[in-house]
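One structure is given below, encoded as structure tokens.
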Amino acid sequence: MKSYSIALIPGDGIGQDVTEAAWDVLQVAAKAGDFYLEGTVFPWSCAHFMETGAMMPKDGIELLRRFDAILLGAVGWPAQVPDSVSLHGLLLPIRKSFVQYANMRPHRLLPGVEGPLKASAFDILCIRENTEGEYSGAGGRVHQGTADEVAVETAIFTRTGVERILRFGFEQARARRGKLASVTKSNAQKHSMVFWDDVTRELSAAYPDVEVTSYHIDAMAARMVMAPETLDVIVASNLFGDILTDLGAAIQGGLGFAASANINPDRSAPSMFEPVHGSAPDIAHLGVANPIAAIWSGALMLDHLGEKDAAARVMAAIEATTARGIGTRPGRDRTETITAAILSALS
Ligand code: IPM
Ligand code: MN
């Protein structure tokens with residue numbers, strides 16, 4: 001029987017609640033699909049930091065490298081560990097070390113979910129550059145604490161990084177409805193963003209079947225609200241993609257529905273699957289977190305592993321559940337109720 005080794009990092013807060021739910025669903029999907037998912041749990045989290053002084057051990061990245069994929073819940077517990085420490089100690093090093101340069105986030109309304117917009121028929125795939133750009137971490141602070149203090153944070157755009165994410169965007173558009181929206185702010189940022197637009201234009205010659213349009217980030221934010229049905233694949237830098245995907249989550253009914261896949265397209269290292277939402281300390285362990293974003297992320301993982309049928313079955317089970325009105329309104333249904341409904345739709 002085919003077997004996949006999965007590293008489970010539930011992390012903090014509701015990350016633990018939703019990872020458990022997702023894992024239950026994935027196990028049932030695996031059984032039905034005649035393959036095996038072997039999970040290894042890593043307790044790396046802010047609690048782990050409080051105990052050991054580190055979010056993960058020094059050889060954490062090497063420990064993860066041998067897995068076929070990583071399923072992550074959420075990272076962050078700001079009451080105990082500053083976000084700038086916890087994220088740079090776990091989530092961000094995994095994305096960068098494993099060259100998970102394409103962060104794919106689907107935004108569409110599940111059946112039965114009422115978003116805040118009048119438009120109900122949109123199906124957007126947002127692709128966020130995930131390893132460089134504005135989140136490179138290049139910079140520093142000098143004269144700290146004085147009136148002369150200076151903070152510099154430099155965005156890094158390399159030809160390698162920009163080309164590969166745009167190419168990935170073109171490929172995704174080609175496999176979908178053939179439309180690519182490339183997002184920059186090249187009217188105000190005249191170096192990096194003009195460079196991004198140039199590379200978009202250069203690559204477009206190799207994809208004559210893809211209709212590519214460059215948008216400015218501010219105009220794209222408005223378009224996602226006013227005319228989301230006009231969009232297919234969006235490709236954007238790390239910061240812009242980060243912001244647009246929270247907007248995408250909002251128009252699809254909330255963060256409880258927003259799934260994400262941190263993909264290493266070359267498969268030279270594991271990819272990582274996680275809901276877009278955070279650890280939500282205010283509702284942690286109350287049993288009210290919506291597990292759909294995590295379960296959908298699990299479906300993206302199955303798809304990436306090549307288990308396309310199982311992935312489709314999990315998506316169908318999620319859709320059958322929301323079509324019955326279960327899990328469609330924030331806070332109404334309990335995590336276990338939603339999970340049980342998805343499990344029964346699967347069997
Ligand atoms: C996300 C999150 C993270 C990011 C934070 C927690 C660093 O907001 O996955 O969108 O922006 O990468
Ligand atoms: Mn974000």
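In each ligand, atom 1 is the first atom listed, and ligand 1 is the first ligand listed. In this text the structure is predicted, and so the values were computed from the model without any measurement. Because only heavy atoms are used, hydrogens play no part in the values below, and waters and symmetry mates are left out as well, while side chains stay in.
Aromatic pair Y4/Y36: ring centres not closer than 6.0 Å. Centroid-to-centroid, the aromatic rings of F42 and F67 come within less than 6.0 Å.
Other residues, nucleotides and ligands contribute at most 12 non-hydrogen atoms within 6.0 Å of the CG atom of D309. Within 6.0 Å of CD in E114 there are 12 or fewer heavy atoms belonging to other residues, nucleotides or ligands.
Within the listing of ligand 1, atoms 11 (O) sit less than 4.0 angstrom from a heavy atom of Y135. Numbered from 1 in the order shown, with element, the atoms of ligand 1 that lie under 4.0 Å from a heavy atom of R95 read 1 (C), 4 (C), 9 (O), 12 (O).
The proximity of R128 to ligand 1, defined as any non-hydrogen pair under 4.0 Å, is limited to the side chain. Only the side chain of R105 comes within contact range of ligand 1, with a heavy atom under 4.0 Å; no backbone atom does.
Atom OD1 is the N, O or S atom of D242 at the shortest distance from the Mn ion (ligand 2).
Atom 8 (O) of ligand 1 has its closest protein heavy atom at D242 OD1, 3.6 Å. The closest protein non-hydrogen atom to atom 5 (C) of ligand 1 is L87 CG, 4.3 Å.
At a cut-off of 2.8 Å, D246 is not counted among the residues with an N, O or S atom near the Mn ion (ligand 2).
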Inset, instruction - Please test W196 against S237 for side chain to side chain donor-acceptor pair (under 3.5 Å), starting from the C-alpha separation and ending with a verdict. - result: CA-CA 9 Å; W196 180 294; S237 66; over 6 Å; no
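Side chains of L8 and T40 form no contact here, defined as non-hydrogen atoms less than 4.5 Å apart.
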